[in-house]
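Written out below as structure tokens is the structure these notes cover.
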Amino acid sequence: MLSEVNVSTHLRQQKKREILLLQKLAFCALGILATICTMDPQATPGYRFQFLLPLSYSIAHFIFAPPFDGLGIGYQMLNIIWIIRYVLGPALIRLSRYELRHFYVGVSDSHLNIALVLMLGELWFTFFSCYFFYNRYKTRIAKESSGSRDQLKNVNPRTVFALVLLSAVIIIFDRNVLSGYNFIFRDTFMRRAEGVTFGTLVMIVSWCKTIVTIFLIGKFGERDLVKPSKFNVLCALFITILSMSFFNGTTRSGLLIEGLAFVYLLVSFFPRYKKRILAVGFGGIFLLILSITLFRFYQTRVLSQAYEIFSVNSLAHLLNAYFAGQQNVAIGVKTLALYGSEYEVLTVLKDFLANTVLLNKLVSNIPGTVQLYNFTFYGHTWWADQIAPTITQALGLFSFFGMFVPVILVWLVIKLDVFALNTNSVLEVFVGSFTAATLSFFMPGNLTIIATSINNYFIPLFMISKMSRLKLVFGNTGNYRINDVSS
């Protein structure tokens, strides 16, 4: 009998190793195909060696990358960002014949070559960091995979009631806090830049919406443990989709990350319906993001109309701008050459607090990296919609030590993934996965967006989570003590 168990265990481990090898080969194959695509002797100067990006990706991924499903949503998101930045981005630049829209103004071949070197260094630093930190936390990851995590505990109802009451009071006295919210089936979307209210009160209402959604999902998850039923899963999915249908502004990245965190939470509650939840969840997120994208960039809700004006050039431009492609990093290099002497301690404060509620007023008059980057790009400060890449921003703020910023970000992603995998708090599962996915998505660019997410979402929601787990216990003498209800 023992021999049969050992054989069965050996077969499962062997199958797992085979699947892992196939995953690695699939990712590497994408890199090799992109390498072949980008090897162009007739390439525009500055892009002749961009094939080194997908080639290095293939080698580094095969040697250092942990299994795709070896951690949580943060690491999985990081894998997708790697493919976009190091594989798909260079291939599209080649297919667009190096004609990135509006991006060739004032960037020299030298800037592009330096940008390539920085991206290669960032790539190898990032992959090795993943390998190192994954092996460091492997024991805690294996503990969760074995199914030893305790039953998830829902948000304290008192906390939910307090937030709902506070949000209701805010809405009664200031209706403008809802003016920036959109519904997916509205004919037009309200953009945050159109003079709508945004500040602490709006953030409180946003936190309330998130926590109420998590609380209701948790209730159906608890009910499913007592009486398993597809009805519980359907209700949890409906609540998630309904919550996602109301959103503030037209920022797609925030919706994408929030949606993925909700899907991860649903899978944690209903693991036996994992495939169906992923299908419905990813499908819903895709349709939502597609609808906002069509409206924001093509002023239409009809896919066929957007397709008529779509081009490979425009897609290459978007990926380069949002995921710190070589041209984007080259503009960052030029910014350092022009304004490197203007980076100081106050610039660090500006970059990390620029969009943080309450504290942003303290740094409103300080020039930051985003302003310098956009002045380099446009030659004026009338608007600042271009995203400064993390690597050049970090070098400007921290000199040589900026090369270690990607390492710190990878450590945070893996640590938060492990945290979300091991905690037994519903809210902490969501907060951990949401923040890990945010760090991964914005790791190429930039630190200001990452700091905004941590300051406006992670810290407040994490504090609310800790407070919801505390309970005042009164004694006979009238004294009281604070207990952690999770213990």
For Ser206 and Asn456, run side-chain contact (heavy atoms from CB on, under 4.5 Å): C-alpha distance rounded to whole Å, both residues' side-chain angles, the deciding distance at 0.1 Å, then the answer.
CA-CA 10 Å; Ser206 177; Asn456 288 350; over 6 Å; no
Apply the ring-ring contact (aromatic ring centres under 6.0 Å, His included) test between Trp82 and each candidate in Tyr57, Phe441, Phe127; give the one that qualifies.
Phe127
Would Leu338 and Phe375 count as a side-chain contact (heavy atoms from CB on, under 4.5 Å) here? Give the steps.
CA-CA 10 Å; Leu338 293 175; Phe375 189 80; over 6 Å; no
What distance do [X] atom [atom1] and [Y] atom [atom2] have between them, rounded to the nearest 0.5 Å?
| X | Y | atom1 | atom2 | answer |
| --- | --- | --- | --- | --- |
| Gln42 | Tyr98 | CD | OH | 9.0 Å |
| Ile277 | Leu265 | CD1 | CG | 9.5 Å |
| His61 | Ser56 | NE2 | OG | 14.0 Å |
| Leu116 | Tyr47 | CG | OH | 10.0 Å |
| Ser108 | Ile114 | OG | CD1 | 7.5 Å |
| Leu278 | Tyr273 | CG | OH | 14.5 Å |

Should Leu349 and Leu346 be marked as a side-chain contact (heavy atoms from CB on, under 4.5 Å) after you check the CA-CA gap, both sets of side-chain angles, and the distance that decides it?
CA-CA 5 Å; Leu349 294 177; Leu346 292 178; 4.1 Å; yes
Between the side chain of [X] and the main-chain N/O of [Y], is any donor-acceptor distance below 3.5 Å?
| X | Y | answer |
| --- | --- | --- |
| Asn455 | Phe352 | yes |
| Thr423 | Phe419 | no |
| Ser453 | Ile450 | no |
| Ser465 | Leu461 | no |
| Lys209 | Ser243 | yes |
| Thr35 | Leu55 | yes |
| Asp417 | Leu71 | no |
| Tyr75 | Pro66 | yes |
| Thr335 | Thr376 | no |

Between Phe398 and Tyr343, does the ring centre distance come in under 6.0 Å?
no
Once side-chain hydrogen bond (donor to acceptor under 3.5 Å, both in side chains) is applied, do any residues pair with Thr240, and if so which ones, sequence neighbours excluded?
none
Using a distance-only test with no angle check, is there a side-chain donor-acceptor pair under 3.5 angstrom linking Gln393 and Thr448?
yes
For atom [atom1] of [X], is the number of surrounding heavy atoms from other residues, nucleotides or ligands below 6.0 Å larger than 12?
| X | atom1 | answer |
| --- | --- | --- |
| Tyr339 | OH | yes |
| Arg97 | CZ | no |
| Phe62 | CZ | no |

Which heavy atom in Glu122 sits nearest to a heavy atom in Thr126, and how many Å separate them?
O-OG1, 2.6 Å
Please find the pair of heavy atoms, one from Met77 and one from Leu260, that lie closest to each other, and give the distance.
CE-CD1, 3.2 Å
By salt bridge (Lys or Arg N to Asp or Glu O under 4.0 Å), which residues pair with Asp40, not counting sequence neighbours?
Arg94
Under the salt bridge (Lys or Arg N to Asp or Glu O under 4.0 Å) test, which residues partner Glu428, sequence neighbours left out?
Lys466, Arg469
Relative to the ring of Tyr457, is the ring of Phe434 parallel (under 30°), tilted (30 to 60°) or perpendicular (over 60°)?
tilted
Before giving the answer on side-chain contact (heavy atoms from CB on, under 4.5 Å), spell out for Leu395 and Leu118 the whole-Å C-alpha distance, their side-chain angles and the decisive distance to 0.1 Å.
CA-CA 10 Å; Leu395 288 173; Leu118 291 177; 3.8 Å; yes
Is there a side-chain contact between Gln50 and Leu112 in this structure, where contact means two heavy atoms from C-beta onward sitting under 4.5 Å apart?
no
Can you name the one residue among Thr392, Asn446, Asn328 that meets side chain to side chain donor-acceptor pair (under 3.5 Å) with Tyr373?
Asn328
